[in-house]
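For the single chain, residues carry numbers from 1 onward in sequence order. Model, not experiment: these values are computed from the prediction.
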Amino acid sequence: MNNRHPSLTQRPAFKQLQTHFQNIRSTHLRDLFAADPKRGDRLTLDVLGIYLDYSKNRVSDETLKLLFELARECDLPSKIAAMFRGDRINITEDRSVLHTALRSKPDATILVDGGNVVPEVHAVLAKMTNLCDRIRSGQWRGHTGQPIRSIVNIGIGGSDLGPVMAYEALKVYSDRELTFRFVSNIDGSDFAEAVRDLNPAETLFIISSKTFTTLETITNAQTASDWLLAGLGGSKEAVAKHFVAVSTNAVRVSEFGIDTANMFEFWDWVGGRYSMDSAIGLSTMLAVGPTGFQQMLDGFHQMDEHFRLAPLEENLPVLMGLISMWYVNFFDVQTIAILPYEQYLKRFPAYLQQLTMESNGKTTTLDGQKVDYRTSPVYWGEPGTNGQHSFYQLIHQGTALIPCDFLAFVETAHPLGRHHDILLANAIAQSEALAFGKSETEVQSDGTAAWLVPHRVFDGNRPSNTLLAQRLDAVTLGKLIALYEHIVFVQGALWNIDSFDQWGVELGKVLAQKIVGELESPDDLALKHDSSTNALIRRYRQLK
Ligand code: G6Q
C-alpha cells in the first residue's frame with residue numbers, strides 16, 4: 001500500500017493524550033467522584049435498552065474529548081461508512097466485510113462487485129426457516145422414518161464458538177424436546193462424548209465449515225458418517241437424511257456426500273468469527289425457532305444502525321472501544337476481563353476471546369509497517385459469582401491493572417427466592433470495591449491488628465464498565481454481540497490493522513498436516529525439524 005498513514009503515536013491527539021496521561025495516571029477514582037457528585041449519573045449512556053455506566057473508568061472529560069479527537073484524526077467515521085458500504089477493507093484477503101448485511105432488512109441494497117447481496121441473504125434465511133420448520137414439526141424423517149430429536153453441530157473456531165455461545169445463552173427459549181451437542185475438537189473424546197447417548201436414527205449432523213477443508217471438522221464429519229452408518233446398518237443413502245452442511249464450498253460439500261440441496265450457503269465477505277448470524281447459526285435457529293432467530297438478527301441490526309448513525313460521543317461501541325484502547329496504549333494494560341453476571345452467558349467470554357484476539361492480535365499495520373504500540377489485549381473471563389471465589393483476588397489486590405466489563409440483567413429467567421438480588425448485589429459491589437477500595441484508615445477503624453492492616457488494604461482505582469439490560473433474550477443477545485463486534489472494529493480502526501484476516505490460524509492449519517504424516521508413517525523417516533520437535537515425534541512414535 002502506498003498511502004502510508006502517520007503512525008497512531010504520531011497523531012496530534014495521541015501526543016496530547018500522552019501529556020494528559022501524565023496528569024491523570026495517579027488520579028484516584030475516589031477523587032474523580034468527589035470532584036463531581038453527579039459523575040455516576042453523568043458518565044452513562046442508555047442505548048437501545050442497554051445502560052452503560054462508564055463512570056468507574058480512569059477518565060476525565062478531557063480524556064474523553066481527546067479520545068474522540070483521536071478517533072476523528074484516525075478517520076473512524078469514514079472507516080465505519082466504508083465497512084457498511086462493502087468496501088474491501090479486509091485488504092490482505094481482498095474482501096468486503098459485511099457481517100452487517102446478514103441482518104439487513106429485505107429492502108436494503110448492499111453491493112458487492114455490483115450485485116446486491118441482500119436478496120441472497122434472505123433466500124438463505126428462508127431456506128433455513130424451511131428446514132427448521134420441517135425438523136421442529138417432525139416432518140423431516142431420518143433414514144428409518146423416525147423424526148429428528150438430536151442435532152450435532154460439527155465445526156471449529158468461528159463455526160463453533162458462536163453457535164455454542166448462542167445455544168447456551170438462549171437455552172431457556174429453546175425447544176427442550178430437541179437435544180443439542182457441539183463437536184469441535186479433533187480430540188476423539190469430544191465426538192465420543194457428544195454422541196454416546198444419542199440414537200443415530202434420530203440424529204442430524206450439521207457440518208459447519210466455511211472452507212469445508214478444516215482438518216478437525218472434516219475428520220469429525222467423517223467419523224460422524226461412520227458412526228451413523230454403523231448404527232443404521234451401513235446404507236450410504238442414510239447420509240442424505242442425517243447430514244446438512246453450512247459452507248461457502250459447494251464442491252467439497254458434494255464430494256463429502258451431502259446433497260447440495262441441503263447446503264446452506266454463506267459468503268467470503270463473512271469472516272468466520274463474525275458468522276454466527278449467517279447460516280452458521282442454523283443450530284441456533286433450530287433451537288430457538290425462526291422467530292427467535294429473527295429477533296436476534298433484529299437486535300444485531302439495531303446496534304448496527306446505532307453504530308453507523310450515532311454521533312461518536314453518543315456511540316456505545318465507539319465509546320467502549322476508545323476507553324479500552326486508552327488502557328491498552330496508555331496504562332499498558334494487557335488483559336481485559338469480561339464478567340457476565342448471568343449463568344446463561346457462560347460461554348460469552350470464550351466467544352469474545354476469538355472475536356477480539358483473532359481480530360486484533362496483529363503486529364502489522366494496514367500499510368505493512370510493524371506497529372510501535374500495543375494492539376489487542378487478552379480478553380478472558382468467567383461468569384459471576386464463580387470468578388469472585390477464584391481469580392478476582394488478583395483483580396482486587398494483584399500487581400496487574402485489569403479493566404473489567406460487568407454484564408448484568410434486571411430480570412432473570414428463574415426468579416428463585418433471593419438469588420437474583422444476591423447476584424446483582426455482587427455485580428454492583430464488585431465494581432464499587434474495585435473502584436474505591438478500602439483505605440488504611442478504613443481498615444484500621446475496623447479494629448484490624450496493625451500487622452494485618454497492609455494485607456487488608458485495597459488500593460482501589462481499578463476501572464470497570466457496567467452494562468445493565470432488562471433481560472437476556474434473543475434481541476438483547478444480538479445487540480450485545482454486535483456491540484462487541486463494533487468495539488473490535490473501533491480498536492482495529494485506531495490501531496490501523498486488518499481486523500478481519502487471521503494468518504496465524506492459517507499457519508496452524510498447514511503445520512499439523514505435515515507432522516501427522518510423520519507420526520503415522522510406518523517407516524523411520526529422516527525428521528527435519530528442530531531437535532525438540534524431532535524428539536517429541538520420535539517419543540510419541542515409540543510409545544504409541
Ligand atoms: C474465524 C477463523 C477461524 C475459522 C475456523 C473454522 O474467523 O477464520 O476460527 O472459523 O478455522 O474454519 P472453517 O469454517 O473454514 O472450517
Side-chain angles (χ1 to χ4, degrees), residues 90 93 95 97-99 102 120-121 124-125 127-128 131 151-167 180-188 190-191 194-195 203-228 239-240 242-287 347 350-351 354-355 358-359 500-513 516:
N90 175 359
E93 296 182 302
R95 288 176 183 168
V97 173
L98 274 177
H99 42 278
L102 298 169
E120 294 175 55
V121 167
V124 172
L125 280 171
K127 190 171 168 183
M128 289 164 67
L131 178 87
I151 318 275
V152 182
N153 186 74
I154 295 181
I156 195 164
S159 301
D160 167 69
L161 287 160
V164 177
M165 181 274 290
Y167 170 67
F180 287 84
R181 300 278 162 78
F182 297 85
V183 177
S184 53
N185 202 326
I186 188 66
D187 187 333
D190 201 14
F191 180 82
V195 300
T203 300
L204 179 81
F205 290 96
I206 306 174
I207 312 303
S208 296
S209 177
K210 181 172 166 179
T211 55
F212 229 76
T213 57
T214 306
L215 183 60
E216 290 90 335
T217 300
I218 299 310
T219 308
N220 274 320
Q222 196 53 58
T223 302
S225 169
D226 296 344
W227 175 84
L228 183 95
V239 171
H242 292 268
F243 277 74
V244 299
V246 180
S247 188
T248 58
N249 192 340
V251 175
R252 290 293 185 113
V253 167
S254 173
E255 278 169 13
F256 184 84
I258 297 177
D259 185 348
T260 44
N262 293 326
M263 171 178 146
F264 297 84
E265 200 191 1
F266 67 119
W267 306 271
D268 70 3
W269 41 262
V270 183
R273 55 193 172 277
Y274 296 88
S275 67
M276 59 162 289
D277 50 336
S278 71
I280 290 289
L282 186 57
S283 57
T284 314
M285 192 191 269
L286 280 161
R347 295 292 290 167
Y351 171 78
Q354 181 189 26
L355 182 68
E358 199 171 82
S359 297
F500 301 100
D501 61 12
Q502 55 282 313
W503 297 105
V505 180
E506 311 302 329
L507 177 70
K509 289 186 180 184
V510 176
L511 285 182
Q513 296 277 12
V516 172

### Message
Any non-hydrogen side-chain atom of Gln513 less than 4.5 Å from a side-chain atom of Val516?
### Response
no

### Query
Do any N or O atoms from the side chain of Thr248 and from the backbone of Trp267 form a donor-acceptor pair under 3.5 angstrom?
no

### Query
With no hydrogens and no angle check, is any side-chain donor or acceptor of Arg181 less than 3.5 Å from a backbone partner on Ala194?
yes

### Query
Which heavy atom of Ser275 sits nearest a heavy atom of Ile280, and at what distance?
O-CB, 3.3 Å

### Query
Do the side chains of Ser184 and Asp190 get nearer than 4.5 Å, heavy atoms only?
yes

### Query
Does any N or O in the side chain of Lys127 come within less than 3.5 Å of the main-chain N or O of Met263, such that one atom is a donor and the other an acceptor?
yes

### Query
Can you name the closest pair of heavy atoms from Thr260 and Ser254 and give their distance?
CG2-CB, 4.0 Å

### Task
Indicate the atoms forming the closest heavy-atom contact of Phe500 with Asn90, along with that distance.
O-ND2, 3.2 Å

### Task
Determine the minimum heavy-atom distance between Ser247 and Ser209, stating which atoms define it.
OG-O, 2.7 Å

### Whether Phe182 and Tyr167 hold their rings parallel, tilted or perpendicular, with breakpoints at 30° and 60°
tilted

#### Entry: Asp501: partners by salt bridge (Lys or Arg N to Asp or Glu O under 4.0 Å), with sequence neighbours left out
Lys362

### Summary
Residues Leu161 and Arg347: closest non-hydrogen pair is CD2-NH2, 3.9 Å

### Query
Parallel, tilted or perpendicular for His99 and Tyr274, by the 30°/60° rule?
parallel

